[in-house]
Amino acid sequence: MTKSKLLILGNSHSEALPRDPIDGYDLEIHWLKTKDNAKFGTMTLPEAREKAASLTTSDTLVLMHLGALHNIYGLLNHDVPYGVLLDDGARVGPEDAQIIPVSSIRAVFQNKFESDKVVPAIKEATRAQVVHVMPPPPKEEIPERFRNKGGDYHGRGIAEFGFAPADLRLALWRIEESALSSFLGKLGIMHYAAPAETLTATGFLAPDFYANDATHANAAFGKQLMDAIVRLSKSRAYI
């Protein structure tokens, strides 16, 4: 029996995925290196395009590249506290914060997606169905051991700024998730967020699926995500 290929071009979040054989599939997982000077990565963009071009219409290509803006902009507190006014009129963020309309946040995310060259380049190169998987939603309670951790996140000291309120972090993830889904749809790429069974009732990542840092999910999450990817592949939903 001929096996379909399942090619996953990921990032740090793809490290949680299992590498076990999957019935009916030849599985490959690579950490995409999108810049020549990138510290991490195992496959360059030209190599990824070449690999993508070798796939057929019976194969599936999974990208894990976009979707981290909610963390880059909102994991930590800012010098000027801000909140977001949502479409339904609800406010999230600190009580005394400067309020930003959700439309402004959405526009920033959309502009960032539109400037990305990686996803369109890989989509253009392949005949396979393409699925893009977003990073998992935020953790409602970030473990105490990370709150006073040294070091920085995207140039901001973790101990100095501290983590942003949970409701703001989740709102930013949801805004980005919606904007990303719209962007990918225009490219003919299926968008996938997270397995429902890995979330709390309010939409945060459930504690059983926390990895040992502030933003990543663990191997148990990776197993659930891989199962979801295989189901999507078999459904041929975006062919």
Side-chain angles (χ1 to χ4, degrees), residues 9-14 32 34-35 37-40 45 63-124 130-140 142 152-158 160-194 199 202-205 213-217:
L9 301 175
N11 51 21
S12 60
H13 294 282
S14 60
L32 192 57
T34 57
K35 296 179 181 179
N37 62 348
K39 184 177 181 180
F40 300 103
L45 181 55
L63 291 170
M64 300 173 71
H65 173 63
L66 300 172
L69 296 175
H70 65 281
N71 279 328
I72 294 171
Y73 293 135
L75 179 65
L76 301 180
N77 290 310
H78 282 247
D79 306 79
V80 178
Y82 76 93
V84 179
L85 180 63
L86 303 177
D87 288 327
D88 62 2
R91 292 174 45 157
V92 294
E95 286 292 329
D96 57 348
Q98 176 178 321
I99 297 300
I100 301 174
V102 66
S103 58
S104 298
I105 302 290
R106 189 179 293 118
V108 169
F109 290 165
Q110 288 171 339
N111 287 338
K112 286 289 186 180
F113 298 149
E114 294 292 341
S115 69
D116 176 72
K117 306 300 182 185
V118 174
V119 171
I122 294 176
K123 168 62 177 173
E124 183 182 61
V130 183
V131 179
H132 187 285
V133 177
M134 187 171 173
K139 303 171 182 182
E140 184 170 15
I142 296 178
D152 63 76
Y153 181 80
H154 287 269
R156 300 174 68 80
I158 294 173
E160 178 184 358
F161 288 94
F163 292 104
D167 63 345
L168 177 59
R169 290 186 284 110
L170 182 59
L172 291 174
W173 184 89
R174 286 174 167 163
I175 296 165
E176 183 172 15
E177 194 267 337
S178 175
L180 181 56
S181 178
S182 177
F183 169 73
L184 294 170
K186 295 175 185 177
L187 298 177
I189 297 174
M190 175 181 284
H191 163 71
Y192 186 78
L199 309 180
T202 51
F204 290 95
L205 183 67
D213 66 13
T215 60
H216 289 82

K.L.:
Residues two or more places apart in sequence or in another chain: which of them pass side-chain contact (heavy atoms from CB on, under 4.5 Å) with K35?
P.N.:
N37, A38
K.L.:
Tell me which one of N11, V118, L180 satisfies side chain to side chain contact (heavy atoms under 4.5 Å, CB included) with L66.
P.N.:
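Single side chain to side chain contact (heavy atoms under 4.5 Å, CB included) partner of L66 among N11, V118, L180: L180.
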K.L.:
Under the ring pair (Phe, Tyr, Trp, His ring centres under 6.0 Å) definition, can you give me all pairs with a residue in residues 88-107, not counting sequence neighbours?
P.N.:
none
K.L.:
Residues two or more places apart in sequence or in another chain: which of them pass side-chain contact (heavy atoms from CB on, under 4.5 Å) with T202?
P.N.:
E140, T200, F204
K.L.:
Just verifying a value: how many Å separate N111 CG and D116 CG, rounded to the nearest 0.5 Å?
P.N.:
13.0 Å
K.L.:
Between K139 and H216 (side chain of the first, backbone of the second, donor and acceptor by atom type, cut-off under 3.5 Å), is there such a pair?
P.N.:
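Between the backbone of H216 and the side chain of K139 there is a qualifying donor-acceptor contact (under 3.5 Å).
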K.L.:
Once side-chain hydrogen bond (donor to acceptor under 3.5 Å, both in side chains) is applied, what residue pairs with a partner in residues 93-102 remain, sequence neighbours excluded?
P.N.:
none
K.L.:
Identify, with sequence neighbours excluded, every residue that meets ring pair (Phe, Tyr, Trp, His ring centres under 6.0 Å) alongside H65.
P.N.:
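For H65, no residue satisfies ring pair (Phe, Tyr, Trp, His ring centres under 6.0 Å) once neighbours in sequence are set aside.
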K.L.:
Given F163 and L76, is the side-chain contact (heavy atoms from CB on, under 4.5 Å) satisfied, shown in steps?
P.N.:
CA-CA 4 Å; F163 292 104; L76 301 180; 3.7 Å; yes
K.L.:
Quick one: which residue pairs count as a side-chain hydrogen bond (donor to acceptor under 3.5 Å, both in side chains) with a foot in residues 176-190, not counting sequence neighbours?
P.N.:
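Qualifying pairs, neighbours excluded: H70-E176, E177-H191.
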K.L.:
List the residues meeting ring pair (Phe, Tyr, Trp, His ring centres under 6.0 Å) with H132, not counting sequence neighbours, and say none if there are none.
P.N.:
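Checked H132 against ring pair (Phe, Tyr, Trp, His ring centres under 6.0 Å); zero matches.
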K.L.:
Taking atom NZ of K123 as the centre, report whether more than 12 heavy atoms of other residues, nucleotides or ligands fall under 6.0 Å from it.
P.N.:
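Atom NZ in K123 is crowded, with more than 12 foreign heavy atoms closer than 6.0 Å.
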K.L.:
Could you measure the distance from the OG1 atom of T34 to the CD1 atom of I122? Nearest 0.5 Å is fine.
P.N.:
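Output value for this atom pair is 9.5 Å.
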K.L.:
Which heavy-atom pair separates L168 from G93 by the least distance, and what is that distance?
P.N.:
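Answer, listing the atom of L168 first, then G93: CB-CA, 4.1 Å.
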K.L.:
Show me, pair by pair, the donor-acceptor contacts under 3.5 angstrom made by side chains of residues 78-89, not counting sequence neighbours?
P.N.:
from, atom 1, to, atom 2, distance (Å)
H78, NE2, Y73, O, 2.6
D79, OD1, R156, NH2, 3.4
Y82, OH, Y73, O, 3.4
D87, OD2, R106, NH2, 3.0
D88, OD1, A90, N, 2.9

K.L.:
Nearest 0.5 angstrom please: F183 CZ to Q110 CD, how far?
P.N.:
10.5 Å
K.L.:
Can you see which heavy atom on L187 is nearest to which on P120, and at what distance?
P.N.:
CD1-CG, 4.2 Å
K.L.:
Suppose we screen for ring pair (Phe, Tyr, Trp, His ring centres under 6.0 Å). Which residues come up paired with Y192, at least two apart in sequence or across chains?
P.N.:
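By the ring pair (Phe, Tyr, Trp, His ring centres under 6.0 Å) rule, Y192 matches no residue at all.
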